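Only one structure is covered here, and it is reproduced in the block below.
Remember, it's a predicted structure, so these values are computed and weren't measured experimentally. In this chain, numbering begins with 1 at the start of the sequence shown.
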Amino acid sequence: MPRNKIHLAATAFCAIATFSLFGCAAEQPLKPARPGFSMVVDDAVISDKKLAAAIAPFFEDSAVGETRALVIMQGGRIVAERYAPGYEPDTRLISWSMAKSVTAVLVGMMVADGRLALDEPAIVPEWQAPRDGRAAITLRHLLHMSSGLDHTEMAEGSVEIFDADTPRMLFLDGHENVARYAETRPLEAIPGQKFEYSTATSHILVDIMTRSLTDSKDPAVRRDAMLDYARGRLFEPLGMTSVVPEFDRHGTMLGGSFIHATARDWAKFGEFLRNNGSVRSAQMMPTSWMRFMKTPSQTNASYGAHLWLNRKRKDGSAPVLFPDKGPSDVFAALGHLGQFVVVSPQHGLTIVRLGNTPDDQLDPVNDQLAKLISAFPKQ
């Protein structure tokens, strides 16, 4: 969630039971590590005492909130992981908006397949009426959160929690068909000219992808088409065996909010991004798409294509990551309540932090992430 948004009460966002959960990815159980904390440390790179000291505040400093899982990978291997009581390596944890980065990768694969085009108007039936300005919206606009569609992500000012678009779409009148809710929103700006962080935008992208895979309106067919593609092209090649995406009753994957996976599998996704779309030297996605995802958008220097970047915002608003405390090439998939997949290419690092910290209290988490990165030498 963008940091300048008012925190939405966790009780509102925890009503996941509103949804029907379609299908499950096959999971192969992992053997749990030693209870609580395990490290595989190369003393030539970093001492175990130094690393343990950098990890401890995530679990012991009350300002950080609740950290449930922390996994650190360097150079493609896990060097440390720690879990809070009640959580283990095989515990699935919710993505919240980290799912958006997964959605962007899948869009990139479909663009590479020739199914979709980045700069052609997005084919959304709702937008095809004569003189409808929404017909000018492209995938690039959607990926950059600059579609111009009217959207209120979170409650702020005089807006009540359930009057904001995201909770309405996910939990109230839009929850059975999130794409329809999102696609019927009117324009409030010319496409490409205004940044507006929007979970609805990611669900539009998933609907576009699903319709490229099947003409069927049957929810089960839509669900299976998208799930088979995601599994076959991304989750299974990466070895992300624990992944369970949620779908609405219309068969649209909730690719802006609800993908469940273990911390280790989120780390595999981060490594995939760090390696520019390759797995074990096999290029699964064009490197040009990763460059696109990591390039600042014209409307927000700290946001690429469904990825947050460690850069200052031009308007002077609060940074999302830690631009004064870490390398500018750091990027991250972020989610509500402090879900992080942070990648530092210079250090060969992927760091996954999953937990429960209010969105308006994330500065201490960011500070600790910056300190953790700085504990490692550059590769």
Side-chain angles (χ1 to χ4, degrees), residues 33 37-58 67 69-82 89 98 101 104-105 108 234 237-240 262-296 302 304-305 307-312 319-334 339-354 365-379:
F37 190 16
S38 67
M39 293 195 298
V40 183
V41 180
D42 183 347
D43 285 336
V45 177
I46 182 173
S47 72
D48 56 353
K49 290 183 179 179
K50 186 176 182 181
L51 182 53
I55 289 172
F58 287 95
T67 297
L70 185 71
V71 174
I72 305 168
M73 296 188 72
Q74 187 179 43
R77 67 187 185 117
I78 294 177
V79 296
E81 61 182 334
R82 181 172 175 177
M98 295 193 305
S101 300
V105 167
L234 184 62
L238 269 61
M240 297 176 66
T262 65
R264 288 179 178 179
D265 275 359
W266 284 117
K268 291 174 185 176
F269 179 68
E271 281 291 286
F272 174 73
L273 299 180
R274 185 181 71 82
N275 288 306
N276 291 310
S278 71
V279 180
R280 295 180 293 277
S281 300
Q283 197 66 41
M284 308 298 298
M285 184 176 69
T287 57
S288 59
W289 189 262
M290 271 309 306
R291 287 196 299 271
F292 166 63
M293 288 183 65
K294 294 186 290 184
T295 299
S302 66
L307 272 183
W308 288 99
L309 312 176
N310 196 32
R311 298 168 183 252
K312 293 183 179 180
V320 174
L321 290 171
F322 34 88
D324 293 323
K325 302 174 183 178
S328 61
D329 62 347
V330 167
F331 59 89
L334 303 179
Q339 319 314 314
F340 290 81
V341 176
V342 180
V343 176
S344 178
Q346 293 184 30
H347 297 83
L349 283 174
T350 292
I351 301 171
V352 174
R353 185 272 184 179
L354 306 174
V365 182
N366 280 326
D367 289 344
Q368 294 302 329
L369 286 167
K371 291 177 182 178
L372 182 55
I373 290 172
S374 67
F376 287 83
K378 295 180 181 178
Q379 289 192 333

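- A search for side-chain contact (heavy atoms from CB on, under 4.5 Å) contacts involving A305 returns L143, H144, F292, M293, not counting sequence neighbours.
- Side chains of S344 and P327 form a contact here, defined as non-hydrogen atoms less than 4.5 Å apart.
- Residues P323 and N310 meet the side-chain proximity criterion, which asks for heavy atoms closer than 4.5 Å.
- Distance alone, capped at 3.5 Å, places no donor-acceptor pair between the W308 side chain and the V342 backbone.
- F322 meets the ring pair (Phe, Tyr, Trp, His ring centres under 6.0 Å) test with no other residue; sequence neighbours excluded.
- Atom-to-atom distance recorded for R311:CZ and L321:CG is 11.5 Å, nearest 0.5 angstrom.
- Heavy atoms only, all atoms of each residue included: R82 and A56 are closest at NH1-CA, 4.0 Å.
- Here the CD atom belonging to Q74 is positioned 10.0 Å from the OG1 atom belonging to T350, to the nearest 0.5 angstrom.
- P237 meets the side-chain contact (heavy atoms from CB on, under 4.5 Å) test with M284; sequence neighbours excluded.
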Using residues 368-376 as the side-chain source, report each donor-acceptor pair under 3.5 Å to any protein atom, sequence neighbours left out, with the distance given to one decimal.
residue, atom, partner, partner atom, Å
S374, OG, A370, O, 3.4
S374, OG, K371, O, 2.8

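- Using a 4.5 Å heavy-atom cutoff, the side chains of P345 and F331 are in contact.
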Inset, instruction - Report the C-alpha distance between F340 and N366 in whole Å, list the side-chain angles of each, state the deciding distance to 0.1 Å, and finish with yes or no for side chain to side chain contact (heavy atoms under 4.5 Å, CB included). - result: CA-CA 10 Å; F340 290 81; N366 280 326; 3.5 Å; yes
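- Every residue meeting the side-chain contact (heavy atoms from CB on, under 4.5 Å) condition with S278, not counting sequence neighbours, appears here in chain and number order: N275, Q283.
- Qualifying side-chain contact (heavy atoms from CB on, under 4.5 Å) partners for A263, counting only residues two or more places apart in sequence or in other chains: A69, V71, Y83, V352, L354.
- How far CD of Q379 is from CD of Q346: 11.0 Å, rounded to the nearest 0.5 Å.
- Taking CE of M240 as the start and CH2 of W266 as the end, the distance is 5.5 Å to the nearest 0.5 Å.
- In this structure, CG on L273 lies 6.0 Å from CG on L307, to the nearest 0.5 angstrom.
- Closest of all the heavy-atom pairs between A80 and I55 is CB-CD1, 3.7 Å.
- Under the side-chain hydrogen bond (donor to acceptor under 3.5 Å, both in side chains) criterion, T67 pairs with R353, sequence neighbours left out.
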Legend entry - side chain to side chain contact (heavy atoms under 4.5 Å, CB included) between I351 and L70, intermediate numbers included: CA-CA 7 Å; I351 301 171; L70 185 71; 4.1 Å; yes
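- Shown here for N276 and T287, the closest heavy-atom pair between the two residues is O-CG2, 3.8 Å.
- Residue pairs meeting the salt bridge (charged side-chain N to carboxylate O under 4.0 Å, His left out) criterion with at least one partner in residues 273-291, sequence neighbours excluded, are E271-R274.
- Residue pairs satisfying the salt bridge (charged side-chain N to carboxylate O under 4.0 Å, His left out) criterion with at least one member in residues 322-332, sequence neighbours excluded, are listed as follows: K312-D324, K325-D367.
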